[in-house]
Structure formats: structure tokens, C-alpha cells
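Written out below as C-alpha cells is the structure these notes cover.
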Amino acid sequence: MVKELKSPVRIVLENCGKINPESIEEYIAQGGYKAVNRVLQEMKPEEVINEIKASGLQGRGGAAFPTGLKWEFTSRAKDTPRYIICNADEGEPGTFKDRPILEGDPHKIIEGMIIAGYAVGAHYGYIYIRGEYILSINRFQKALEQAEEHRFLGEDILESGFNFQIEIHQGAGSYVCGEETALMDSIEGKRGNPRFKPPFPPSSGLWKKPTVINNVETLANIAPIILKGADWFRGFGTKECPGTKVYAVSGHVKEVGVVEAPMGITLRKIINEYAGGMRQGKFKMAQVGGTAGAILGEDMLDVSLDYASLKRKGLVLGSGAILVMDETTCCVDMLKCFLNFFKRECCGKCVPGRIGTEKLLEITTSISQGKGKEDDIDLILQTAKVMQKASLCALGQSPILPISTILKYFKEEFIEHIKGRCPTGVCKI
Amino acid sequence: MKLRDKEKDVIALLSEAQRESKHNYITEEKLKLIAQEAGLSYSEVYGVATFYSLFSLKPRGEYIIRVCDSGPCHLMGSRSIFEVLEEELKIKVGETTPDGKFTLEETSCLGICDEAPAMMINEKVYGNLTPQEIKKILKRLREKKW
Amino acid sequence: MNTVNITIDEKPIKAEKGSTIMEAALANGIKIPHLCYQKGLSIAGACRVCLVKIKGRPGMTASCTTEVAEGMEVTSTDEELNEMRRLIVELILSEHEHNCLVCENNGQCDLQDLAYELGIDKIRFPVNKSVEPIEDSSEVILRDPNRCILCGRCVRACAELTVQKVLDFAARGSKTYIIAGLDQPLVQTDCVSCGACVQACPTGALTEKLARFQGRSWEFRKVQTTCPYCGVGCQLKLNIKDDKIVKVYGVEDGPDNKGHLCVKGRFGFDYVHHEDRLISPLIKRNGKFEKASWDEALNLIVTKFKELKNKYGSDALAGLSSAKCTNEENYLFQKLIRACFGTNNVDHCARLCHASTVAGLARAFGSGAMTNSIREFEKADVILITGSNTTETHPVIGDYLKHLATYNGTELIVVDPRAIELIEYAKIWLRQKSGTDVAWINGLMNVIISEGLYDKEFVENRTENFDKFKKVVSKYTPEKVEEITGISKEKLVAAARMYGKADKGSIIFAMGITQHTTGTDNVLSLANLAMLCGNVGREGTGVNPLRGQNNVQGACDMGALPNVYPGYQSVSDEQAKEKFEKAWGAKLSPKVGLTVVEIMDAASKGKIKGLYIMGENPMLSDPNLNHVREGLRNLDFLVVQDIFLTQTAELADVVLPGVSFAEKDGTFTNTGRRIQLLHKAIPNIGDSRDDWKIITEISERMGYPMVYRSPAEVMDEIASLTPIYGGVHFDRLEGQGLQWPCPSREHPGTPYLHKDKFTRGKGLFTPVDYIPPAELPDEEYPFLLSTGRILYHFHTGSLSRRSKPLDSIAPEGFLEINPQDAEKLKVKDNDWLRVSSRRGKVEVKAKITDRVDKGVVFMTFHFAESAANLLTNDALDPVAKIPEYKVSAVKIEASDYIDS
Ligand SMILES: Cc1cc2nc3c(=O)[nH]c(=O)nc-3n(C[C@H](O)[C@H](O)[C@H](O)COP(=O)(O)O)c2cc1C
Ligand code: SF4
Ligand code: SF4
Ligand code: SF4
Ligand code: FES
């Protein structure tokens, strides 16, 4: 089980660790499937969409797109059939916040998917779970069987006339398949190359049909919103970003694990109050949002961790992963590690992504070996900037953020390496 | 009601073929069969099979040791985990021990960063690794009969 | 056209709605850099050098993936965009070392051009120096991974144009590379060597193997012309250095091929320069050929022909014209035979392929050609293909059909006794017993009528004789049809519904329908079927015979037939005769002449004494070859004009060296009735002469001068006498050609026939009953032999077998035999077999395959070593006089023949 820190609020993680995830009865006893019942018996699809829109729920997969709007676009697309996809590919390094839900409360996701299906007029759903999440896959499979037995899935659900069916698709080892269009190609049995957009999934997604794709955490918010209302949901978090976020904290802190907190909590609070403070050394930097996220220095410890505030600073909350690093950390070594990830996981379709990631790693590696040149820092930045503008998908567009922010704080350290010295002694020069 | 003919889901077919093989790989014969079953050309199936890192077209060990080297694990010392494994197994990353028992691989984040540094051996997760821990694990597996 | 207004770099442009910025720019002559985009292929959006800025949108947008919108303001270049492009190109140049110095594509490489345009003078990134081996297993294609930029154009070309899906990407990220098959050498894959991938490749990663080190892009003269092989009439661009053809590209806006070619068109041109080319006239003296001067040869011919004509009369002479020669040559040839020799004994090998089409369609509709255009197939909902192994015999059309079935949702119905490639793309495959076509077609119509699926309005208003026809069809119930044809009644009904319900149904057929003693009946039945469903006279419908040879349509149009003058004007029509007598200033015979097989027959009986054959090889192409040899030997005088010493030429008294397509000006008419230009690309080889000049020389020496300065002038005369070619003149043909009928200079040509009215007025239903083939298997000859062609060879192989790549890919003939039969006969793959019929025997290797049904064997007729036509039956269709190539009875025994 994923370790959960002491969460101040529990909407998404409400049942996790509390109920037996393999028992639908326990889920129902906690009020489970009430939302589905309400939606099917009392609400029109438009009303469901309006409720989600009113809640201000934004996608928790990283891009923070308003969920209600996504559903609305899909419901208005002319083509049928339509599809619901739950994105459970969770591959962003440092992100392990969907896993507790998958392992600990799978029915909540199923409920969210059924409601999404009803809202947009879809009868088929896929959940794309990364192949390494064996336990999640097994639990989800069991949950699906139970839900079918209880007629929450299948034909004529709860005598409402609505049909909905969910199938699991296992990933086979590819981070980029978490990107929504690559994920669709992958379900279609192809190489997981991202597609160019537009068209966007709401008009042309899986099998070129209108598709809603939502993250696990996003979908886990649906049933509570339906049951308790948009206003209740807006009582958490900030005005622009209502609700909670499940943050995944890792690195040099005393306690690692997930914590659900209202949007807008600060980094300082997370580290000190929930993660028990730094493990030994002094705080040097944190990367927020996974490997594609920005490096935050000490000056950012009090910034509000929500999509809007970070966006205004040119940063991202992304998946909500927080990697905390202390003084013993070498930033050249870490950047090399980040770039190695991009290079390894890039699909190879577009030139900036394929060759850019490779060259960034090559140059950074040579810096870490003390073989760098003065111009290299500039070249890395320029390359990453071009990649940001020109790459086909967000993977290739991402390296600029960690690169530019790490250089903002620690350019000196890079220059030290070029001169032949690793200040932390991590790099062997 | 079935969403799609399972038979035609090439990725599922590839996974199954690999699972059936003792050496954790997909044989050329299997690739050809899968192409026929899924209605794809050979190159399409080959393209798919080589895209995903969980698949291999070359024989591998009975145990695939996949050590994470993404941010959190790297920070928590995954490099030393590799060193211990390479020393113990006397192979480099990407290689298989001559007895066909172990293959050592480097992987991206496994989503078990709360137990960093972490690795998976086949379908089992191992977290909070230390050199001593690794030696113990290897010993256990070496003694285990397949 | 639905257009929107946009500006690109402040220039206002009208763009087609739904097109991309890239397409709009290119259509308006604005070049936005691109590497992965290629017209005619799907869009990848992978190279990212085509990025532009759009006013009001943040950042940059790929112009190849973005649709135009009204009022869009696009900036295609500025310093920022160029800076971005430079970096991207530098990245590409660092991925591998592109050693342009020794690259085949130096000077015609999109990458090189772009690097130059962007002024890249250094590469800021570390360059990868490792070198991968070149893959050279294919006879025609070299794959050099070191020059590959992973644009994917080859992958898409192979998947979308050829629909072979041989190529794909493998691995991912920086390890991505292009594979063939299961990462195999090309030769071990399903590659059909069409070279679409080579043409698509923007760099030197894929090149023509045989062109290697033969010349550089800037040294080539480029000449557009028409493919000399099949009736698709693909437009080619010859690349010539020092008067030698080095390589060939497909012309992107070739009206029917759109840049695509098959292996023959792209790689089979080297026969032009083959050492066997005839380079001077030959006269046979004492059974041996001796070189002779043109004067000597021509004088001998004239003396002989005059002598024979005086002694035995005009009808003792005959001529075989050529479906390989131009319209102008065919016109002059038949004019020579008719006006100068004074006989209508002129025919050509169309007799052997589509005579029944011409007869059948002329009778039903009034015009004997494809009713619709090739590129209209994409408008059809359902296409019924029967008796056409399209992917091998008309590869570019075959690939197009595969494309339509795969990407366009077009439903294919294939009716064929052999499991041809197209069945894999078909919704329904009906496997009829050979020679039972009338029965299944009647069966389809029986179902269509009884289920009320036919077009009553069309039948009522546009056709006649429906009731009599209906009566005959009513006998062909699905049960009865199953009995005759072996097609299950369920499948027959399904096919009937599919075709019957289609809004636009098209029919394609070829020799599997025509080469029967009931060939004309078969064609009439297909015409009935189309009329019944109102599938004539509309775009995307029709009855579409695929004509085999490059100019078989033209040779027929030009009247190289014993019964008609140019434009199908009957020789027995007094008015037509007068018109031509006046125009040609000669008395013409009112008597219909002899057909090919009849000429051979008459020769062996001593009735034909002198024969002039231009560019044909009956000694391999005609049925019952032993009989043909007998006929030719029996002649008093035989003249053969050809570019090689063919099996037929060897029997000649005088051989005249003509020229190949590359040495000619003139026109070919393709199967889609499109008249297209040939351009002389190289000087005549040796002392060979233009075929049209040879004809006029003979004519002049015989006292009937024909004076023209050029083929263009010949066409002007054709236009003046042939209403369907009335508006055809060379100056109008550049580029897209013209589709007949084109009655006047102003007329734009006709994409599809019989629009509001059939050529003959009303469409004629003909009641047709099923008659079994002339010869069926029996105890002595238990197998049914069918003959046909393969992809890599053409007709009698006189050209394709002299092409090194083609002959090395397919060096020998074979006999396809079903595994069960093979087992019974204890035959293994590649075993030598002796195949014999009542007429002859051949030795051939076995190829065991379930492409053929039990009891059926199949052989190609390209190979002199194993000439299928020694076996075939010369029984004729009574109307069209086409022989029954598709059905004869043979027996098969093991042979002790030893492979040399
Ligand atoms: C390279 C890449 C990887 C991604 N991986 C994931 C992932 O593992 N899980 C996820 O939910 N979203 C991931 N996303 C975001 C998805 O593309 C998509 O925005 C998300 O699934 C939408 O769901 P939401 O609106 O509920 O957030 C990824 C995006 C990119 C560019
Ligand atoms: S030659 Fe044709 S069939 Fe062969 S790989 Fe190239 S495109 Fe495909
Ligand atoms: S071989 Fe040529 S066409 Fe194919 S991906 Fe490479 S560069 Fe592009
Ligand atoms: S399809 Fe026919 S015309 Fe076209 S290239 Fe091939 S042989 Fe030539
Ligand atoms: S970084 Fe190693 S498991 Fe996540």
C-alpha cells in the first residue's frame, strides 16, 4: 500500500485504507454508487455536466483543463459512438498519487466513469493502467466484476435504460503513452506516438470518435461532487482552483508518501507539517510536477501550490509530484537524470523531441564530466526553447521548464562543472 | 457486450506471448502468428513490439530485474543499487547472466517512489533497497527452483 | 470550389476549404519548408520545420497539420522561425553524418536544400559518427540508414500507395529506425519492388540500386513520357545521362498514376539499352540472318509484297499491327494494309485479350471501352472485380483498389477462380469454376430482380429488351447457379445485395472474362448487370475493362482491326468506306478481313502468302503455338519489325529494327481512354528507324506515298477522320492528355460515357444463356489449365525479360498447383513437371499453392522456355474470335528434366 501522510482533508482518498478495496459491499456501505443512482434516476446529462462545470473541477492529470467543459464538448460532438477513458498510466517520475486510489478505492473510479459516460452519452469506457501496476490491475478487474454483478455496469444499469461497459487496457512500458492521444493509439494497438492536435479528443479521439479522457484523481472527484454539490466542492481550495489535490512527496524528507490537501497549500507547509521536515541536510530545491516540472528554490517555499498561481509564475503544478532535494544534491547530476528520462521515454516521432532530448543529455553529460564548454549552457537553453516551441507533444515541450529553472538558481554550479569541479562531489570529474 | 475482439488487441497478444515464454521474450514465430491474428503486417507488429519497453524480442533471464533510475530513486541512491547488482551478477545493464537466470534492466519511474530506491523483479516490487537487502533477495531467487 | 481567404506573408490567397496551410501555400507557389509532408500521403507532422506563425494564436503552428480558416493571417518566415528551423536542421544533421559528397541524391535532397537555404554553416551539436551498414538485398533498392531522417514518407508510401505495409518504424526515441518486415533484408519481405518508397524519400536513404554511381542529379536530362508496359498509362519522368536512361520517377500529377509506378514502369526500362537490340535490318539468306542496308531490305520487301499481291491478290497479304506501338504508327499501319495492300486483313493482339469486350460493349452500349475513368473508382461505393488479377496485371490500379478498400471504405467484391491478392481486401470473394461466368452473373441478376433491388426507372427510360432478358435470367436461381459455378447460394445472394444496394457500383474486368469461347457473352452479361442497377452514365459507376497493353486501346481506336476503320467505323458501311477512300485517295475493300488466329490458320492453309508483323510476337502470345509455327513457316514471305529478334522474328525473311518507346514521339491511349504523349528522350539506337517512318517508306516504295513531317501531323489526319478523336491534337495533350470522345478542339474530353444517352441510343439488354467451355478436363487430361500474367513480366517477355532487375526477380515460369493435387502426384515445390494437352507439351517447375483450387493449374505465358501457349486451345468465341486461353484440359506428369 502507498504510504499516506496525515491528510488534512479527504475527498479523493476518503475510503483509501478505510475499506476493503476488494469488497463492493464495504464501498456501498460508505455511500458508494449513490451518485450513480442519483445521476441515473434524477438528473439529465446536461445537469450532470452543469454540476461538474459549476464545481470548477480541473483535470488532475497535469494540464488542468476544466473537466465540465471537456465533457460538454464531447457531449456536443456529432459522431458516435463516444468513449470514456480513464488515464491510469501514472508515469511521471515522482508521481504515485493515482495508485492509492486504484489499489484502495477502485469503485470510486468506476463510479466516476459511469457518470462521465452518462453525461456525454458514451457506452464504452477504457481504463489504461500501466503494466507495472499489477496490484491495481488485479483489484480493478475484481471491482469491475463486482460492479457488473451488482448491475452498476452492463445493460440497463439500475433499470435506467443506460448501458455502460468498462474494459482494462494494460500499458506495456511507455511513459509517453500517458499523453492522451498516444494513449489512444496504444489502445488501438499501435505504437504510442502522440497525434498532432487539433483535432482534440472530444471531437476525434479513440478510433477517431469523440472521447473524454480523464485522470484517475479527476474521476475520483466526480461522485463526491454529485452527492455533495458544486458549492460544497468550492469550499475547498482556492477560488480559481477549487477542491483538493493529492500531492506525492518524495526525496530528502523525513516522511515520504501522498497527502491530500486543499489546493493552494504551500511547499513549506507540505514539507514541514506533513512530511515531517527535511531528513538531514538543508533544503536546496524541490521539483514540483514531476520531471517535466520546475525547480523551485527557497524563495518559492511559500508560493501557493495550485494551477493558477504557479501558472502566473511560469511554473506548473503538473501531477502534483514533489521531489524535495537537500544540499547534498548536485544539480548537474539531477538534470542529467531528468534528461535521461526524457530521452528514454520520448517516442521518437518528431525531430525536436527525438534528437533534442538526445543532444540535451549528451551535452549535459559532458558538462557533468568536466568536458563542457562555456557555450554549452546557452546551447542547452536554446535547444530546449526550440523544443518547447516546435515539438509535436508536451514531452518534447517539457525540458525547458526544469532546465530554465535549474539554471535560474544554479547556473554557477554548472559553470563550476565546466571549470572542472563538482561542488557537491557527486559527479566524478 | 464486448468492446472489442480481444483476439485482435495486439498489445495484449504480445503480452500473453511473452508471458508464455520461459525466457521472457516474444519469438519470431509468435510475432508472425500475432500479425496474422491481428490482421497486421509483419512490420507493424514488429514496430509495436519494439516500441514498448516491457517487450523483448531477444531471450532474457528467468528473472528480469528492473531498477528505477528516475528522479526520486536516483536521488535516493539507485546508482549504488546498480553497482551492487552488476557486481553480484557480474553483468552490465541490459545483459543476462550466462546461466539464463537474471537480466538486469534500467527502467523509468515505476510509481513506487514512496519506497525509493526501488525495483521490480518480474511482477514483484522491492522498495527501500540497500546493498544488503539486494544480496538477500538474490540469494533467495538463486536458490528457488523455477 | 469552396474557398476561404487567407494571407500568407501578407499575400492574399484563396485556399480550398478544408485544406491545410501547407497545401494552400504550395498550390499558390509559396514554398514553406517541409521534410515529412508529401502530397498524396497522409500527414505526419513529424519534422516540425514547417512551423509558421498565425496572427492571434500563441507560439508556432505546424502548417502541414493546420487547416486554413477564413481571415487567417500566416507568417511563413521571419528571423525567429528561421532560427528555429536552423536549430532543427542542425539536430537532424547531427543525428548521423550526412556525407553528401558520395550521396546518390546530392543535388536533389530536401535536407541538403533546406540546410543551404537556411545558411547553416556549422553544426552546434556533437555529430554522431557511427556508421550503419547499407542494406542491399533488393534487386532494385538500396537502404542506407545513415541518411535516414525518419520522416516516415517511405512508411506511408508503402502503406498508402502500394498498401504493402512492408516498412515501419521500430524501437523508439533516439533508437528509432526504419525496418522492413520483421527487421529483415527487403528481399525476404513482401516488398513488390515498386519503389514508391524510393520516390518518397527526401534524402539519399533510399535510392535506386542500379542508378548508383551512374550520374548525379544535375547531369540528368529529364523527359516526361508514358510507360511502355501496361494499359494504366502511368506518366514517367526519365532521367537521362549521356543518352542513357538511368532512373525513372513517377510524375506526381500524372492523371491516372499520381506519381505512383509499379516495378516494371520504374525499374524495367533497361531493355531499351540491351545489347540484343536490333541495330540494322536483317535479311535471311540460306536460313541465316545477314545484316543488310535499309535500301536493300526495303526494296526486297516491296518487291516481294508487290509480287505476291499481283500473283495472289490483295487478300493474300495481311498485317499484324501492334498494341505496343503508338496511335500514329497503328493508324499508318492499317492505312498501309488497307489503302496500299488493298485488304482489310489487319489485326493485332487485342484480338487475344479484349476482342470480346469491344464486341460486347459495342453491342450493349455502342462503345467498346472503359465507360468511366480510372480515378473515378474512389467515387464508387462498391466495386465488383472479376477476371482481373489487378495487382499483378495493372499494378497501379490494383494498388489504388487496395488503397480504396483500406482507407476509403470502398467495398470490393472479387469473383475469381484463383485466390488472387485482392481477395484479402474484398468484403466478398466468390470462387467460381473457370468458364461459368454467364451463370453467376445471371445468378446475381436473378437475386437483384427477385429482391426488387434493380433500378426500375433506369431500366424503363434508358434501356430496351428488358423483358426477354428477364425471362432468361429467371432460370438462374441461386440453387442452380451453385450447381454450375460452385458458388454457395448464400454468398451469391450477399454479393447481389451488396452490388444491388450500392448507390454507385462499378465493375472491373479483364481477361478472365474475355478469354473464353463465351467471352462476348460474358461481357454482355456484365453490361446487363450494370444496366440493371442503373450503374452506367454516372461518375463512379460503369463497366470497366482493363486493357492489357500500353496501347491496346489506341490500336483498336486506330482501326488495327479487320472490321473497322479508325474510330470503329465499319468497313462494311458504304458511307464510311467512301469517306476513307476519298481521304486516302485509294480504292478500299468492302470485305471484312481476317483476325489474328484466322490469319495463322489461312497461312497454314496457304491462303495468306505474305505477312507484315509490327511489334508483335505471336510465336509466344497466340494459342496453340505449334499451329502458329506451322502457319508462319508456310508463308512465302514474312516481315517482322521489332526491337528484338523475337521468337517470331526468327522465322522472318526480313527483320526491320524499329525503336523503343524512349526513342519515339507519339501517343498512347490508356485503358481509361486517355490519349497521352510520348516524348522522344534518346536518339535511335544503332541504325534503327522510327516505326512510322518505316511504314511510310514501304508505302512510298510500293507506289502509295504517305507524307508526314511528324507524328503530330499524323494525329491531325486521324482527328480529321475519326470523330471520337476529332479534337485531339498534340498541342493539347501536354500534361493531362485528353479522354475520348473528344469531338472538337474546344471539347474538354469525356471522363465517363453514356451520360444521358447511350452511344447507341438505348442500352440493349441481351438475354444470355450459360454454355460450358469448349474443352473441359476428362480422364485423359484431368486438369483445367488457366493462363495469365505475373507482376514482374509483360506479355511475351521480349521487353521485361531483357530487363535485368525484372528478370532477376522472376527468372522462370512456374505452374501453380494445389497442395492436395501435388500430394496426389507426389510433387514437391520446384519439381520439374511435364504438362501436356492435346496440342503440345512443356516442362515447367511446380509451385505449390492454394491460390489455385483443386483440379486447376495456372501458368504464365511470359516464358519461351515453358511456353504456356503450346498447350492452350485455339477454340474461338464465335463473335469476337478470341481464343479460350483461360480454359484448357491438360495432364501433368513428373519430368526428368534437369535444371541447366
Ligand atoms: C508525456 C505526457 C505524459 C502524461 N502522462 C499522464 C499520466 O500518466 N496520467 C494522466 O492522467 N495524465 C497524463 N498526461 C496528461 C494527459 O495527456 C491528459 O491531459 C490527461 O489524461 C487528461 O485528464 P484530466 O483532464 O483529467 O487531467 C500526460 C501528458 C503528457 C504530455
Ligand atoms: S518497393 Fe514498394 S513494396 Fe517495396 S518497400 Fe518500397 S514501397 Fe513498399
Ligand atoms: S528512409 Fe527516407 S523516407 Fe524513409 S524515413 Fe528515412 S528519410 Fe524518410
Ligand atoms: S502500372 Fe502499368 S503503366 Fe503503370 S508503371 Fe506499371 S506497367 Fe507501367
Ligand atoms: S522515481 Fe523510482 S519509483 Fe519513482
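Treat the numbers as computed from the prediction; the structure is a model and nothing was measured. Convention: sequence-line order gives letters A, B, ...; per-chain numbering from 1.
Proximity to chain B involves both the backbone and the side chain of A:C347, based on heavy atoms less than 4.5 angstrom apart. When heavy atoms are compared at a cutoff of 4.5 Å, A:V258 does not approach chain B at all. With a 4.5 angstrom heavy-atom cutoff, A:E132 touches chain B via backbone and side-chain atoms both. In this structure, the portions of A:D333 lying under 4.5 Å from any heavy atom of chain B include both its backbone and its side chain. Contacts of B:E106 with chain A are made by both backbone and side-chain atoms, with heavy-atom separations under 4.5 Å. With a threshold of 4.5 angstrom between heavy atoms, A:Y133 approaches chain B through side-chain atoms but not through N, CA, C or O. Only the backbone of A:E92 comes within contact range of chain B, with at least one heavy atom under 4.5 Å from a heavy atom of that chain. Of the atoms belonging to A:V176, it is side-chain heavy atoms, and not backbone ones, that fall under 4.5 Å from chain B. At a 4.5 Å heavy-atom cutoff, the contact between B:R66 and chain A is made by side-chain atoms alone.
Looking only at side-chain heavy atoms (C-beta outward), B:L138 and B:F102 come within less than 4.5 Å of each other. B:T107 places none of its side-chain heavy atoms less than 4.5 Å from the side chain of A:R344.
Ring orientation note: the planes of A:F162 and A:H123 are tilted relative to one another, at an angle of 30° to 60°.
Note that the CZ atom of A:R279 and the OG1 atom of A:T328 stand 7.5 Å from one another [nearest 0.5 Å]. For the atom pair CD1 (B:I134) and CD1 (B:I121), the distance works out to 8.5 Å, reported to the nearest 0.5 Å.
Between A:N215 and the choices A:D98, A:N87, A:D89, the side-chain hydrogen bond (donor to acceptor under 3.5 Å, both in side chains) rule is met once, by A:D98.
A centroid separation of less than 6.0 Å is found between the aromatic rings of A:F341 and A:Y175.
Classification of B:K32 and B:E28 as a salt-bridged pair holds, one side-chain N sitting under 4.0 Å from a carboxylate O.
With chain A as the partner, the residue from B:Q18, B:E123, B:R79 showing the most heavy-atom pairs under 4.5 Å is B:E123. Between chain B and the residues A:S250, A:G91, A:A321, A:G173, the largest count of heavy-atom pairs under 4.5 Å involves A:G173. Among A:H252, A:K190, A:K97, the residue making the largest number of heavy-atom pairs under 4.5 Å with chain B is A:H252. The candidate with the highest count of non-hydrogen atom pairs below 4.5 Å against chain B, out of A:K3, A:R130, A:M334, A:Q170, is A:R130.
Between the side chain of B:N122 and the backbone N or O of B:E62 there is at least one donor-acceptor pair closer than 3.5 Å.
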